[in-house]
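Before any comments, here is the structure.
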Amino acid sequence: MSQRLLIVDDEESIVTLLQFNLEQSGYEVTTALDGAKALELAKNESFDMLILDLMLPEMDGLDVCKQLRQNKIMTPILMLTAKDDEFDKVLGLELGADDYMTKPFSPREVVARVRAILRRSQPVISENEVSKSSNQDQVIKFGEVEIYPENYEVLFKKQSIELTPKEFELLLYLANHKGRVLTRDQLLNAVWNYEFVGDTRIVDVHISHLREKIEANTKKPVYIKTIRGLGYKLEEPSLHV
């Protein structure tokens with residue numbers, strides 16, 4: 001069965017171009033020209049991914065993204081923006097987008113990015129990672145966090161928590177390298193399989209999202225520690241914490 005994509009942009013020429021190229025690549029495509037229609041479609045139909053323009057009539061892309069995440073709809077979102085503005089990009093990621101692209105772009109680039117995001121939205125556990133957790137029936141535990149790679153599920157204090165595909169893969173990678181300091185560039189290369197031209201802010205945003213979901217106090221994290229000047233390290237929390 002073909003994977004379903006929702007393309008949302010108020011420029012019909014861009015929608016037509018993307019729809020043609022993505023359908024030629026084997027995807028089933030639905031389109032919308034404004035944010036309100038996009039939100040309605042995404043809430044009522046099942047899509048494997050959304051391609052969402054930032055500037056839209058009725059409701060902008062940031063609001064659509066925010067409302068979908070508030071409604072626990074974790075479909076991967078690729079946000080498009082004509083603004084080469086870091087604030088807009090980071091804000092989009094903070095609201096739950098998985099990735100962004102700045103216009104202008106080539107259709108081939110978009111198809112490649114879509115393939116990468118869809119592939120990475122279904123985490124593949126390497127043989128080494130499987131062997132690390134095989135003695136625990138595929139459960140990775142630290143503190144009050146439990147990761148079930150086969151089921152794509154994370155529990156915190158025995159309660160299931162919602163993670164985006166990128167958040168899940170980032171947490172899994174950190175957990176499988178527990179106790180090791182990982183630089184932002186290492187995390188970019190491991191979790192995102194294309195270049196971000198040194199834009200490590202994307203790592204910081206996703207780390208912040210994870211902390212909000214598994215840390216009792218995000219200002220004093222006990223699991224994901226910041227190693228100043230280097231990167232991050234996942235630790236087993238102290239029994240005295």
Side-chain angles (χ1 to χ4, degrees), residues 69 72 74 76 89-99 116-117 119-241:
R69 296 313 188 221
K72 308 300 183 184
M74 296 299 169
K89 296 173 183 175
V90 173
L91 180 58
L93 294 169
E94 288 176 343
L95 291 175
D98 295 88
D99 195 4
I117 293 172
R119 183 168 62 248
R120 304 295 278 189
S121 71
Q122 300 297 325
V124 177
I125 313 305
S126 70
E127 291 182 6
N128 288 338
E129 290 169 338
V130 169
S131 66
K132 288 178 182 180
S133 59
S134 60
N135 293 329
Q136 301 179 28
D137 297 324
Q138 302 299 307
V139 181
I140 302 171
K141 297 182 180 180
F142 51 95
E144 295 184 286
V145 179
E146 301 172 41
I147 304 175
Y148 295 80
E150 294 293 328
N151 297 330
Y152 194 65
E153 183 178 22
V154 176
L155 302 184
F156 179 56
K157 296 183 177 180
K158 302 299 182 182
Q159 298 295 315
S160 181
I161 60 175
E162 295 282 352
L163 298 181
T164 67
K166 279 292 188 294
E167 290 167 2
F168 179 88
E169 189 169 359
L170 179 58
L171 181 61
L172 182 62
Y173 189 82
L174 287 166
N176 278 317
H177 296 81
K178 185 170 62 176
R180 287 179 52 186
V181 177
L182 300 169
T183 68
R184 291 172 175 81
D185 284 333
Q186 283 178 305
L187 292 170
L188 273 177
N189 290 333
V191 179
W192 288 266
N193 64 339
Y194 45 82
E195 291 299 324
F196 263 83
V197 196
D199 189 1
T200 55
R201 285 292 302 277
I202 192 172
V203 175
D204 298 334
V205 168
H206 282 73
I207 290 289
S208 176
H209 287 172
L210 285 175
R211 282 175 170 162
E212 289 173 0
K213 295 173 181 180
I214 67 170
E215 300 281 5
N217 184 346
T218 57
K219 294 183 178 180
K220 295 182 178 180
V222 298
Y223 295 114
I224 304 175
K225 299 293 184 69
T226 299
I227 308 302
R228 189 174 299 276
L230 293 174
Y232 298 99
K233 177 172 66 171
L234 188 141
E235 294 184 343
E236 192 78 35
S238 168
L239 295 176
H240 300 291
V241 174

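Residues: numbered from 1 along the sequence shown.
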Subject >> Validation row: Asn217, Val222 side chains within 4.5 angstrom (heavy atoms) >> reply: no

**OP:** Test Asp99 against Lys166 for side chain to side chain contact (heavy atoms under 4.5 Å, CB included), laying out the working first.
**Re:** CA-CA 9 Å; Asp99 195 4; Lys166 279 292 188 294; over 6 Å; no

**OP:** If a pair satisfies salt bridge (Lys or Arg N to Asp or Glu O under 4.0 Å) and one of its residues is in residues 207-220, list it, with sequence neighbours excluded.
**Re:** Glu167-Lys213

Original post:
Can you list the residues that meet the side-chain hydrogen bond (donor to acceptor under 3.5 Å, both in side chains) rule with Glu236, with sequence neighbours excluded?
Top reply: Lys178

Subject >> Single hit among Leu187, Thr183, Leu182 for side chain to side chain contact (heavy atoms under 4.5 Å, CB included) with Asp185 >> reply: Thr183

Original post:
Can you list the residues that meet the ring pair (Phe, Tyr, Trp, His ring centres under 6.0 Å) rule with Tyr232, with sequence neighbours excluded?
Top reply: none

Subject >> Check: Ile207 and Thr226 side chains under 4.5 Å, non-hydrogen atoms >> reply: no

Original post:
Can you name the closest pair of heavy atoms from Gly143 and Pro237 and give their distance?
Top reply: CA-CG, 3.7 Å

Original post:
Can you name the residues that form a side-chain hydrogen bond (donor to acceptor under 3.5 Å, both in side chains) with Lys158, not counting sequence neighbours?
Top reply: Glu146

Original post:
Taking all atoms of both residues into account, what is the closest heavy-atom pair of Pro149 and Ile140, and its distance?
Top reply: CG-CD1, 4.1 Å

Original post:
Could you give the distance from CZ (Arg184) to CZ (Arg201), rounded to the nearest 0.5 Å?
Top reply: 10.0 Å

Original post:
Rounded to the nearest 0.5 Å, how far apart are CD1 of Ile147 and CZ of Phe142?
Top reply: 4.5 Å

**OP:** Indicate yes or no: at least one non-hydrogen side-chain atom of Leu163 is less than 4.5 angstrom from one of Tyr152.
**Re:** no

**OP:** Would you please classify the geometry between the Tyr223 ring and the Phe156 ring as parallel, tilted or perpendicular, with 30° and 60° separating the classes?
**Re:** perpendicular

Original post:
From Leu155 CG over to Ile214 CD1, what is the distance, rounded to the nearest 0.5 angstrom?
Top reply: 12.5 Å

Original post:
Looking at CD of Glu162 and CD of Glu153, how far apart are the two atoms once the value is rounded to the nearest 0.5 Å?
Top reply: 9.5 Å

Subject >> Full working for side chain to side chain contact (heavy atoms under 4.5 Å, CB included) between Arg180 and Lys233 >> reply: CA-CA 6 Å; Arg180 287 179 52 186; Lys233 177 172 66 171; 5.8 Å; no

Original post:
Looking only at heavy atoms, what is the nearest atom pair of Asp98 and Ile202, with distance?
Top reply: O-CD1, 4.3 Å

Original post:
Can you list the residues that meet the salt bridge (Lys or Arg N to Asp or Glu O under 4.0 Å) rule with Lys225, with sequence neighbours excluded?
Top reply: Glu235

Original post:
Of the options Ile161, Leu210, Val154, Val191, which is the one that meets Phe168 in a side chain to side chain contact (heavy atoms under 4.5 Å, CB included)?
Top reply: Val154

